[in-house]
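Structure first, commentary second.
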Amino acid sequence: MPQEEKTVVIRDERYDAQRIETKWFERWQQDESLYAAEPDSTKPKYYVLEMLPYPSGALHMGHVRNYSIGDALARYMWMNGYNVLHPMGWDSFGLPAENAAIANNTPPREWTLRNIANMKAQMKRLGFGYDWSREVTTCLPEYYRWNQWFFLKLFEKGLAYRKKSKVNWCPKCCTVLANEQVVAGNCWRHEDTPVEQRELEQWFLRITQYAEELLRDLDRLKGWPDKVATMQRNWIGRSEGALVDFDLGGTVGPAGSTISVFTTRVDTIYGATSVQLAPEHPLVADMTAKDPELRAKVDQLIAEQRKAKEIGDIGAIEKHGVNTGRFARNPFTEQPVPVWVANYILMDYGTGAIMSVPAHDERDYEFAKKYNLEIRLVIVPRPDDPDETVVEPALPFTTLNGSLVNSGPFSGLDCEEAIQKMSEHAEKKGFGKATVTFRLKDWGISRQRYWGTPIPMLYCEKDGIVPVAEKDLPVILPEQVDITLTGGSPLGRVPEFVNATCPKCGGPARRETDTMDTFVDSSWYFYRYTDAHNDRVPFDSKTAGYWFPIDQYIGGVEHAILHLIYSRFWTKFMRDMGLVKNDEPAERLFTQGMIIKDGAKMSKSLGNVVTPDEMVARYGADSARMYTLFATSPDSELDWQDSGIEGIQRFLARVYRFVARHAPNSSAQARRAASSSDGPLLPEARQIQRKLHKTIKRVSDDFRGRWHFNTCVAAIMELVNELYAAEDAIAKGAIPVSLLAETQRDLALLLAPFAPYLAHELWEMLGEPESLLRAPWPKYDPALAKEEEIEIPVQVNGKLRSRITVPADLGGDEVKGRALADEKVKAAIAGKQVVNVIIVPGKLVNIVVR
RNA sequence: GCGAAAGUGGCGGAAUUGGCAGACGCACCAGACUUAGGAUCUGGCGGGGAAACCCAUGGGGGUUCGAGUCCCCCCUUUCGCACCA
């Protein structure tokens with residue numbers, strides 16, 4: 001062998017994610033309109049939306065997961081010929097900016113915009129395909145002026161109002177929280193910080209006006225997870241019942257002379273043996289005004305109730321009560337019953353007062369036993385046979401499936417019928433009526449903080465509360481404001497802001513210094529995406545009408561009753577003001593699972609955090625994205641394993657090497673030259689072709705159905721494994737160049753939603769001149785996916801005994817014949833009688849013997 | 001306490017409609033290539049057994065020719081709700 005002739009080593013080109021991704025990243029940077037939705041498109045529209053992030057500083061893996069799902073879908077829809085709207089923005093008002101400002105001495109605006117710049121760069125580096133021309137940044141006046149505009153409209157319609165009331169106060173946030181932001185008695189942002197109650201003047205939005213519709217329309221949201229619908233149903237908490245007035249026999253104080261109670265079981269009212277008031281009920285204040293001893297006892301009850309609320313376990317409170325010594329008249333029995341104050345009665349539900357029916361309510365029973373109150377039986381099991389003797393039920397007897405006794409003219413009625421009749425009776429007599437109560441309360445949106453939308457209201461000594469004129473919007477949030485945590489709204493310390501002129505009288509007026517809850521920003525942002533630069537209206541109705549409703553919304557389940565109920569409310573309000581036509585913002589909702597590592601949620605304190613930057617640097621964006629989709633199905637909790645992402649990187653490298661090796665022979669030119677000479681395919685070639693089409697089907701089906709992208713990726717891996725197994729056949733020339741080329745081409749297309757960088761690189765390596773971005777999704781051909789021969793398991797009495805290989809279209813009788821003729825089967829059924837043979841076509845044969 | 005979801009190899013997880021349990025990946029083992037390998041390729045990999053076979057989807061019962069899948073009871077975990085009158 002001549003020395004100078006070097007051995008030709010076929011060195012596979014190494015998959016260099018950084019090189020490939022940098023190259024495409026730079027190309028994509030050049031073209032801002034790459035992922036732009038088309039104006040005046042004839043294609044069907046598709047609006048895919050992921051929840052916009054709070055710009056906290058950097059993306060976390062949860063974002064990567066969320067956006068990888070959305071981006072895969074967007075890319076799939078583009079490739080399937082849809083006009084896709086896929087926007088992104090920043091939920092950029094809110095407390096952390098202020099806290100960071102205090103900690104780092106950086107103005108909130110600067111801190112926020114810097115974070116946005118960083119996170120946007122991260123998103124671009126991850127390869128997410130957003131239409132950045134529609135970017136929405138909620139902390140900029142171009143956006144928040146429309147929050148103010150909406151507020152004025154709400155005020156006009158009486159849907160925004162000011163009220164002094166007890167509100168939730170987070171001592172760490174130094175501001176008020178909406179009911180939805182209180183989780184088990186604690187602040188949603190500070191899970192170890194109990195919420196306090198403070199009496200404050202606040203702006204509220206009348207979401208309760210839509211309570212009924214918000215509840216009813218949940219049934220129409222077929223594309224939403226049941227879990228979310230259930231959570232919203234519970235939150236809205238609709239309850240049908242009756243209000244009944246118990247007369248106190250003379251005015252007690254300013255609060256009046258009757259106690260109005262709410263009950264869902266008015267049928268049990270003849271068994272009511274006391275009335276129980278919430279300790280904070282206004283009548284209690286009247287009753288205790290001249291009775292310091294009673295006052296002290298009530299204060300004790302209030303303290304107990306607060307404490308229970310603060311530890312978030314009001315359910316476990318030890319029931320206590322105190323007898324006021326007063327009596328109220330039951331309007332049905334016309335008997336007086338004692339009035340008590342009890343710590344288990346909540347002022348913020350119903351009327352803050354109940355009638356206590358110990359015989360038919362567990363809580364009342366427990367209370368009555370403790371204080372020796374009268375227990376009067378008024379409901380008994382409904383007898384099937386009228387002659388049957390009435391059995392005394394075990395107490396408390398709480399079923400609705402009974403009938404009334406000891407109930408005057410209503411005795412003998414069934415419970416449900418009695419509820420209706422008795423409500424009517426009360427209404428006719430003027431001491432009550434049927435009613436519906438909701439747990440949902442109006443949305444308190446005032447925040448005593450700086451970094452939010454100024455509420456566009458003025459206080460004039462002469463004209464009172466006056467809205468800012470529409471033409472004077474936006475009310476600009478001033479900069480250079482001292483934001484220390486001394487309490488009180490920071491804006492109140494800025495005279496240039498506070499001092500204004502009343503638009504009505506021209507006299508001096510004081511500006512509202514509270515800002516809006518940031519959930520206002522996110523309640524309608526997705527409409528702004530459709531027309532992001534409109535400076536006359538929040539968005540053009542017609543344009544929004546084209547895109548809405550959102551076809552697919554994707555985000556975390558933690559917003560199930562915050563953002564998702566507020567934005568449903570906002571949509572209904574906008575519909576009523578004629579701005580939109582849709583009743584609901586999103587047709588389909590998907591809630592992805594959390595990411596955990598080492599058995600816990602990633603957190604700095606546990607030191608189990610994996611950052612996107614780190615993953616991109618080490619493995620590349622494609623690997624990071626694909627791993628979040630491969631590790632498990634998108635709706636399950638994802639258990640992060642570093643070795644798992646390595647496996648994905650290995651797979652992508654395998655794909656790359658294969659194409660790098662075979663692309664030169666598979667270019668478009670070579671394909672054309674070869675395809676004309678192709679004859680019928682050899683079995684090795686058919687196998688590749690079959691696998692390809694099966695893979696196309698599996699991936700396509702999942703995009704349209706259950707979104708188990710983990711199995712999609714697995715299917716593509718199987719295809720690649722098959723290609724590696726065919727290397728010998730390729731070397732022998734058993735695989736036509738045209739088929740090999742087509743397979744690689746489709747492989748690139750199949751990978752595009754999950755690993756766009758590599759897919760683009762492969763596409764280019766294969767000599768494709770057009771962009772991959774909107775290349776048509778590969779078409780599944782059932783004829784090509786079909787198996788010529790299949791292996792069928794043969795069971796005897798349900799136990800696997802053999803496998804037979806038969807032509808795929810062989811008839812049932814023949815399959816049966818071959819199964820019975822199989823040697824192993826014969827041995828298994830020898831000496832036994834065949835009772836039945838079950839044939840599942842194409843699947844299995846089961847021979848039943850005795 | 002109420003409601004929902006889940007429980008499958010050493011690990012993450014497949015099994016879409018009741019039809020071959022463990023796809024795919026990780027880890028591990030063996031071999032090939034190699035100066036070397038933490039690269040790559042090939043093969044193996046639930047448990048028991050020499051094998052034939054047997055056992056196995058949290059536990060126990062049931063329905064069925066056939067059950068991870070359906071039904072009943074129980075256990076565990078996660079999530080949501082929790083005096084809502």
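First the proteins, then the strands, lettered A, B, ... as listed; each starts at 1.
- Put simply, CG on A:Leu638 is 9 Å from C1' on B:G12, counting in whole angstrom units.
- As rounded to whole Å, 11 Å separates atom P of B:U16 from atom NE2 of A:His708.
- The P atoms of B:G18 and B:G9 are separated by 23 Å, rounded to the nearest whole Å.
- Here, B:G10 and B:G46 have their C1' atoms 10 Å apart, quoted to the whole Å.
- Between A:Leu800 and A:Asn721, the residue whose closest nucleotide on RNA chain B is further toward the 5' end is A:Leu800.
- Environment of CD in A:Glu416: sparse, with no more than 12 heavy atoms of neighbouring residues, nucleotides or ligands closer than 6.0 Å.
- Salt-bridge check for A:Arg706 with A:Asp702: passed, with a basic side-chain N closer than 4.0 Å to an acidic carboxylate O.
- Relative to the side chain of A:Glu718, the nucleotides B:A85, B:C24, B:C81 differ in distance, and B:C24 lies closest.
- Within the nucleic acid shown, A:Asn710 comes within 4.0 Å of sugar-phosphate atoms alone, with no base atom in reach, counting heavy atoms only.
- Listed candidates were B:A85, B:G19, B:C24. Nearest to the side chain of A:Met717 is B:C24.
- Taking the ring centre of A:Tyr724 as origin, the terminal cationic atom of A:Arg654 falls inside the region bounded by 6.0 Å and 45° from the ring axis.
- Summarising the geometry, the separation between CG on A:Asp361 and P on B:G1 is reported as 19 Å, rounded to the nearest angstrom.
- Residue A:Ile847 is out of contact with every strand shown, counting any heavy-atom pair closer than 4.0 Å.
- For A:Arg704, no side-chain nitrogen or oxygen approaches OP1 or OP2 of B:U16 to under 4.0 Å.
- A:Asn846 comes within contact range of at least one nucleobase, with a heavy-atom separation under 4.0 Å.
- Considering only the side chain of A:Tyr349, B:A85 comes nearest among B:A85, B:G25, B:C41.
- Listed candidates were B:A85, B:G12, B:A27. Nearest to the side chain of A:Ser239 is B:A85.
- Residue A:Lys691 places none of its side-chain N or O atoms closer than 4.0 Å to OP1 or OP2 of B:A23.
- Residues A:Ile354 and A:Val261 approach most closely at C-CG1, 3.6 Å, considering heavy atoms.
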Practice task
Return one dot-bracket line describing RNA chain B 5' to 3' (Watson-Crick or G-U wobble pairs, both distances under 3.5 Å; ( ) same strand, [ ] crossing, | another strand, . none).
Solution key: (((((((..(((......[....))).(((((.......))))).(((....)))..(((((..]....))))))))))))....
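- Going from the P atom of B:U16 to that of B:G22 covers 13 Å, rounded to whole Å.
- In this structure, A:Glu727 reaches neither bases nor backbone, as no heavy-atom distance under 4.0 Å exists between it and the strands shown.
- No side-chain N or O of A:Asn710 forms a donor-acceptor pair with one of A:Thr632 less than 3.5 Å apart.
- Taking side-chain N and O atoms only, A:Arg650 has no distance below 4.0 Å to OP1 or OP2 of B:C24.
- Spacing between atom CD1 of A:Ile804 and atom C1' of B:C20 amounts to 13 Å, rounded to whole angstrom units.
- Residue A:Phe651 is classed as having no contact, given no heavy-atom separation below 4.0 Å to the nucleic acid.
- A gap of 15 Å separates the P atoms of B:U17 and B:G7, to the nearest Å.
- A:Arg706 has no side-chain polar atom (N or O) that falls below the 4.0 Å cut-off from OP1 or OP2 of B:A14.
- To the nearest whole angstrom, the two P atoms, one in B:A82 and one in B:U76, are 24 Å apart.
- Across B:C26, B:C41, B:C54, the shortest atom-to-atom separation from the side chain of A:Arg654 is found for B:C41.
- Atom P of nucleotide B:A27 and atom CD1 of A:Ile648 are separated by 12 Å, given to the nearest angstrom.
- Out of B:C81, B:C24, B:C20, the shortest distance to the side chain of A:Arg803 is found at B:C20.
- No side-chain donor-acceptor contact under 3.5 Å links A:Tyr627 and A:Glu646.
- Going from the P atom of B:C74 to that of B:C20 covers 31 Å, rounded to whole Å.
- For A:Met231, counting side-chain heavy atoms from C-beta on, the closest listed nucleotide (B:G80, B:C26, B:C54) is B:G80.
- Nearest-nucleotide assignment on RNA chain B puts the 5′-proximal partner with A:Lys799, out of A:Lys799 and A:Asn836.
- Minimum heavy-atom separation, A:Ala368 to A:Ile375: CB-CG1, 4.2 Å.
- Separating the CG atom of A:Asp642 from the P atom of B:G12 is a distance of 15 Å, rounded to the nearest angstrom.
- When distances run from any side-chain atom of A:Arg801 to the nucleotides B:C53, B:U40, B:G19, the shortest one goes to B:C53.
- Annotation: cation-pi geometry satisfied between A:Arg439 and A:Trp235 (NZ/CZ under 6.0 angstrom from ring centroid, within 45° of ring axis).
- Straight-line distance between the P atoms of B:G58 and B:A67: roughly 15 Å, to the nearest whole Å.
- A distance of about 31 Å separates the C1' atoms of B:G68 and B:G1, rounded to the whole Å.
- Listed nucleotides: B:A14, B:G25, B:G19. Nearest to the side chain of A:Lys843: B:G19.
- Partner of A:Arg690 under the salt bridge (Lys or Arg N to Asp or Glu O under 4.0 Å) criterion, out of A:Glu718, A:Glu789, A:Glu787: A:Glu787 alone.
- Nucleic acid contact class of A:Gly647 (heavy atoms, under 4.0 Å, all strands): sugar-phosphate only.
- Contact annotation: A:Arg657 reaches the phosphate of B:C41 (side-chain N/O to OP1 or OP2, under 4.0 Å).
- Residues A:Lys222 and A:Asp219 approach most closely at NZ-O, 2.8 Å, considering heavy atoms.
- We find that CG of A:Asn179 is positioned 13 Å from P of B:C81, with the value rounded to whole Å.
- For A:Gln641, the side-chain atoms get nearest to B:G12 when compared with the rest of B:C20, B:C65, B:G12.
- Here B:A6 presents its C1' atom at 11 Å from NZ of A:Lys227, a figure rounded to the nearest Å.
- Here the CD1 atom belonging to A:Ile716 is positioned 5.0 Å from the CG atom belonging to A:Leu751, to the nearest 0.5 angstrom.
- For B:G37, the base is anti relative to its sugar; the glycosidic angle deviates from 0 by more than 90°.
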